[in-house]
2 protein chains.
Amino acid sequence: METATRPAQEGTLPSDRDTGVTLEVHDAPQCSAVNDILARVGDKWSVRVVMALEGGSRRFNQLRRDIPAISQRMLTRTLRLLERDGLVSRTVTPSVPPRVDYALTPLGESLCDPVARLGNWAIANIGRVEAARAVFDGEQD
Amino acid sequence: METATRPAQEGTLPSDRDTGVTLEVHDAPQCSAVNDILARVGDKWSVRVVMALEGGSRRFNQLRRDIPAISQRMLTRTLRLLERDGLVSRTVTPSVPPRVDYALTPLGESLCDPVARLGNWAIANIGRVEAARAVFDGEQD
DNA sequence: CTGGATCCCCGGTGATACTG
DNA sequence: CAGTATCACCGGGGATCCAG
């Protein structure tokens with residue numbers, strides 16, 4: 001990207017700062033949307049749950065066993081958020097012992113690919129990141 | 001703890017199917033590493049800062065203006081985290097008014113691609129997500 | 001089995017003031 | 001200009017108990 005003129009996407013903020021110069025503002029609606037999705041993906045548990053569902057439909061307690069570290073509260077909350085965003089479907093079977101199955105929706109499955117790419121980047125570069133951390137922490141002395 | 005008392009369960013491994021395309025590290029030490037990277041990317045501010053740095057080196061207060069909503073404290077913290085992970089470089093010029101330039105490292109630039117893919121997914125699907133939310137919230141009545 | 005409700009701790013985050 | 005220090009608030013998240 002050229003440093004000369006930065007792209008002024010849509011800095012039409014109503015209460016834009018008096019910068020005089022029209023700086024590009026990344027506070028576009030799209031930007032917050034992206035940030036929003038990223039926050040969901042970066043959520044501590046969302047990705048774990050999605051990964052567990054990549055193998056097919058799972059019941060509540062199956063997921064609990066798949067992700068031992070998650071608490072019941074957080075699993076419920078995470079599933080609700082994913083369901084609300086249309087990434088996960090929730091199917092209740094009103095049997096005597098209630099049965100609830102969770103599964104990825106097509107939208108949820110479509111999210112797996114870009115997430116997997118990011119995950120692959122992480123796997124490929126975690127060594128460098130950890131090395132950088134070691135150097136940084138060492139220098140902090 | 002996950003000391004499940006269940007006996008030898010038959011081969012119903014949760015997610016051990018070999019998709020070949022997606023992540024296959026559901027229970028490796030790498031998993032926490034991936035989660036870690038995802039958390040950084042999903043961090044409220046990290047991506048914004050990285051985006052601002054894609055256009056080239058920027059100084060501290062330039063970044064503050066680029067991201068009006070960020071507080072000084074959070075910008076400092078975010079930059080430190082990114083620097084620690086080797087994603088951003090910090091260059092101090094000991095001039096009379098101190099000058100500090102931040103820039104993406106090659107590692108940081110390499111992260112931009114997978115993040116951008118995820119961002120594109122978000123932009124492409126934010127409509128569906130919001131629609132799903134509207135439906136969900138409506139049903140909650 | 002699948003959750004909801006409650007209590008409570010801790011850390012992330014903003015606001016503000018100060019410094020080299 | 002580029003931070004650091006301090007305070008205060010709030011929500012994330014675990015533990016636990018209860019319900020359908």
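Remember, it's a predicted structure, so these values are computed and weren't measured experimentally. Only this structure's heavy atoms are used, side chains among them; waters, hydrogens and symmetry mates stay out. Chain letters run A, B, ... following the sequence lines, proteins first, then strands; residues in each count from 1.
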Under 4.0 angstrom between B:Y102 side-chain N/O and D:dG3 OP1 or OP2: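 B:Y102 to D:dG3 OP1/OP2: side-chain N or O found under 4.0 Å.
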Opening and closing nucleotides of DNA chain C in contact with chain B, under 4.0 Å to non-hydrogen atoms: C:dG12 to C:dG20
For A:N35, side-chain hydrogen bond (donor to acceptor under 3.5 Å, both in side chains) partners two or more places apart: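 For A:N35, no residue satisfies side-chain hydrogen bond (donor to acceptor under 3.5 Å, both in side chains) once neighbours in sequence are set aside.
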Pairing residues for B:S46 by the side-chain hydrogen bond (donor to acceptor under 3.5 Å, both in side chains) criterion, not counting sequence neighbours: B:D43
side-chain contact (heavy atoms from CB on, under 4.5 Å) between A:L63 and A:R59, intermediate numbers included: CA-CA 6 Å; A:L63 290 171; A:R59 295 178 62 178; over 6 Å; no
Sequence-distant partners of A:N61, side chain to side chain contact (heavy atoms under 4.5 Å, CB included), two or more places apart: A:R64, A:R65
Inter-end axis angle, the helix from C:dC1-D:dG20 to C:dG20-D:dC1, with every axis fitted to five base pairs (rounded, 10 degrees):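 End-to-end axis angle for the helix from C:dC1-D:dG20 to C:dG20-D:dC1: 40°, rounded to 10°.
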Partner set under salt bridge (charged side-chain N to carboxylate O under 4.0 Å, His left out) for A:R77, not counting sequence neighbours: none
Under 4.0 Å protein heavy-atom contact, by nucleotide of nucleotides 12-20 of chain D - B base, S sugar-phosphate only: SBBB-B--B
By side-chain hydrogen bond (donor to acceptor under 3.5 Å, both in side chains) - contacts of A:W121 (at least two apart):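 Partners of A:W121 under the side-chain hydrogen bond (donor to acceptor under 3.5 Å, both in side chains) test: B:S110.
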Set of residues satisfying side chain to side chain contact (heavy atoms under 4.5 Å, CB included) with respect to A:R128, sequence neighbours excluded: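 Scan of A:R128 (side chain to side chain contact (heavy atoms under 4.5 Å, CB included), adjacent residues dropped) gives A:N125, B:L107.
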Rounded interatomic separation in angstrom, taking CZ from B:R58 and C1' from D:dA2: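 So the CZ-C1' distance, B:R58 to D:dA2, works out to 16 Å.
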Listed partners of A:A103 passing side chain to side chain contact (heavy atoms under 4.5 Å, CB included), at least two apart: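 Counting only residues at least two positions away or on another chain, A:A103 forms a side chain to side chain contact (heavy atoms under 4.5 Å, CB included) with A:S57, A:S89.
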Below 4.0 Å: OP1/OP2 of D:dA2 and any side-chain N or O of B:R64: no
d(CG, B:L75; P, D:dT4) in whole Å: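 After rounding, the gap between these two atoms is 11 Å.
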Residues that B:A122 engages under side chain to side chain contact (heavy atoms under 4.5 Å, CB included), provided they are two or more places apart: A:V34, A:I37
Summary of salt bridge (Lys or Arg N to Asp or Glu O under 4.0 Å) pairs that have at least one residue in residues 85-94 of chain A, sequence neighbours excluded: A:R40-A:D85, A:D85-B:R133
